[in-house]
Number of protein chains: 2
Amino acid sequence: MSPYDPSAFPPFAVTVDLVVLTVRRHALCALAVRRGEPPFQGRWALPGGFVKVDEDLSAAAARELVEETGLCAHDPDSPVQANGAHLEQLATYGDPKRDPRMRVVSVAHLALAPDLPAPRAGGDANSARWAPVDALLTHGGYGREGEQAAPLAFDHAQILSDGVERARSKIEYSSLATAFCPPEFTVGELRRVYEAVWGVALDPRNFHRKVTGTPGFLVPTGGTTTRQGGRPAQLFRAGGATLLNPPMLRPDV
Amino acid sequence: MSPYDPSAFPPFAVTVDLVVLTVRRHALCALAVRRGEPPFQGRWALPGGFVKVDEDLSAAAARELVEETGLCAHDPDSPVQANGAHLEQLATYGDPKRDPRMRVVSVAHLALAPDLPAPRAGGDANSARWAPVDALLTHGGYGREGEQAAPLAFDHAQILSDGVERARSKIEYSSLATAFCPPEFTVGELRRVYEAVWGVALDPRNFHRKVTGTPGFLVPTGGTTTRQGGRPAQLFRAGGATLLNPPMLRPDV
DNA sequence: GTGTTTATCGTCAGGCAGACGACTATGATC
DNA sequence: GATCATAGTCGTCTGCCTGACGATAAACAC
């Protein structure tokens, strides 16, 4: 590493951007905010903001997450908090031209959250909403009446795409899919998470055998529920296991 | 994202650090450089440097890789170049205290290279060398006569550890292990790569069946070699497949 | 009660991995 | 040149896991 001659390095702005995913109505959705100022004024974008001087990157991401959703992020290692979401670093985007005004390096983070009430529009965004990732990726989240179809701001389509791909692959070999579920959930609800994230249909019987047979994945709470209709289903909580071995298999691929 | 009021965001220095891995003498080794200036003067560190004003992050990483090793990085998508190495972004480290002098955010990259001649000490490093990752992680690469045992500089032990873990897991489900091999290699050489990276012994017969039976993983070149002693072995090149399905299975875990 | 929906248990066949035997082809050693 | 050591390659067998189902159970809507 070079010596820190102050004239030797250019100054960068560093931001965090968030890919916040959830499953609503059988669809994988992401949190999008509408930009209030140029550039890309009026366009949908991922939530994010500047990292503060004395703030760690993960702390900045957690702060933005709270500001936008009220969700409290928790480390994978620390005990799960109520209303908590999974948060992890995704990747860093630093193309010199990604922001037309100046050199900005954005450290994108991925958050997985259970289905939530409508988001609160936070900070500088005119509004915020959940939108299906397909819609966000193909035409920037068009969906409101009279709204112009336009891609996401900056390189946020790329970031979102990378985040979705990370989520899709990570639920294969980890228990992360439970992060999309409420604290107690049924096997069927977990299966619908997999189906929404992967966009495939899974056999309920084989899925049931697989998840209940994987040690540490699910622990029964004793209760049952009938909120999905049909025969009452057992309720489970996420077990201690974080890595699934052998993994869940995604059809096709 | 906030408006770009120039007083609203603090300036950061952005660097790239490299975890360059190779397999030498049946051991997974990483490239380490000795720091020439404080802080951590005289200690071993990962190669790296500042990102230039108009330089993409991946371009900065590729530039540092050439400066340190002479290796030419290639995209996973683009055709393989002679003497090329695999290069990918690893993670970004931005703890406010990770550098005692100022706020530095480092975008770490992971490079996988075939066994190379001795590295050239580049730029500001007094010297550079390959060292087994175990040694680097436990006592900072102590190994030369009379050298003091000391951890790697900055948070480079953490970065190296993350890079090694990435490599260990990625050769499970991708054909990346071939990046550690010369352009033509035998099944046995590829197996020794897996054994070195994972630190386990693999059954030669089952390994042979697995890799030759995975479509697109290996393509025979027709030639044979006897450089390892014993019966001559068929030579292969890396096939077009990048994802192994089903993956290689790491024993134990 | 009948039909619908969802949950859960079972069965069966095919595929793949681990364990390991057997044979082949080279160089090294006596 | 016979023997040995080393490494490569092909087969066999067994057990586990998965995918494709059938069948039963327990709720709700009419």
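Chain letters run A, B, ... following the sequence lines, proteins first, then strands; residues in each count from 1.
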Residues from residues 205-223 of chain B lying under 4.0 Å of DNA chain D - heavy atoms: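 Heavy-atom contacts with DNA chain D come from R205(B), H208(B), R209(B).
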Taking only heavy atoms on the protein side, list every residue of residues 184-200 of chain A lying under 4.0 Å from any atom of DNA chain D, sorted numerically.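 Within residues 184-200 of chain A, no residue comes under 4.0 Å of DNA chain D.
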Partners of [X] by salt bridge (charged side-chain N to carboxylate O under 4.0 Å, His left out), sequence neighbours excluded?
X: R192(B); answer: none
X: E165(B); answer: R250(B)
X: D162(B); answer: none

Test of understanding: with side chain to side chain donor-acceptor pair (under 3.5 Å), list the residues that count as partners of T92(B), not counting sequence neighbours.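 T92(B) satisfies side chain to side chain donor-acceptor pair (under 3.5 Å) with T92(A) once adjacent residues are dropped.
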Could I get the full list of side chain to side chain donor-acceptor pair (under 3.5 Å) partners for R25(A), not counting sequence neighbours?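 Checked R25(A) against side chain to side chain donor-acceptor pair (under 3.5 Å); zero matches.
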Any side-chain heavy atom of [X] sitting closer than 4.5 Å to one from [Y]?
X: E172(B); Y: L249(B); result: no
X: M248(A); Y: Y173(A); result: no
X: V219(B); Y: F236(B); result: no

Output all residues satisfying ring pair (Phe, Tyr, Trp, His ring centres under 6.0 Å) with F217(B), sequence neighbours left out; order by chain, then residue number.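 Per chain and number, F217(B) pairs via ring pair (Phe, Tyr, Trp, His ring centres under 6.0 Å) with no residue.
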So does V66(B) get a backbone contact from the side chain of T69(B), meaning a donor-acceptor N/O pair under 3.5 Å?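 Here the side-chain-to-backbone pair does not exist.
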Closer than 3.5 angstrom, by distance alone: can the side chain of T178(B) be matched with the main-chain N or O of A238(B) as a donor-acceptor pair?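 Not confirmed, T178(B) side chain does not pair with A238(B) backbone.
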Output the rounded distance in Å from [atom1] ([X]) to [atom2] ([N]).
X: M248(A); N: dC17(D); atom1: CE; atom2: P; value: 14 Å
X: D203(B); N: dA7(D); atom1: CG; atom2: C1'; value: 13 Å
X: L202(A); N: dA20(D); atom1: CG; atom2: C1'; value: 14 Å

Considering only nitrogen or oxygen atoms on both sides, find all protein atoms under 3.5 Å from nucleotides 25-29 of chain D and state each distance.
unit_1	atom_1	unit_2	atom_2	d
dA25(D)	O4'	R231(A)	NH1	3.4
dA25(D)	N3	R231(A)	NH1	3.3

Reading DNA chain C from 5' to 3', where do the contacts with chain A start and stop? Cut-off is 4.0 Å to heavy atoms.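 In short, chain A contacts DNA chain C from dT5(C) to dT11(C).
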Ring pair (Phe, Tyr, Trp, His ring centres under 6.0 Å) partners of residues 177-204 of chain A, not counting sequence neighbours, each pair once: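 Checked against ring pair (Phe, Tyr, Trp, His ring centres under 6.0 Å) - neighbours excluded - the pairs reaching residues 177-204 of chain A are Y194(A)-W198(A), Y194(A)-F207(A).
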Using the salt bridge (charged side-chain N to carboxylate O under 4.0 Å, His left out) rule, collect all pairs that involve residues 195-218 of chain A, keeping only residues at least two apart or in two chains.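 As it turns out, the salt bridge (charged side-chain N to carboxylate O under 4.0 Å, His left out) pairs with a partner in residues 195-218 of chain A, which skip direct neighbours, are R191(A)-E195(A), D203(A)-R205(A).
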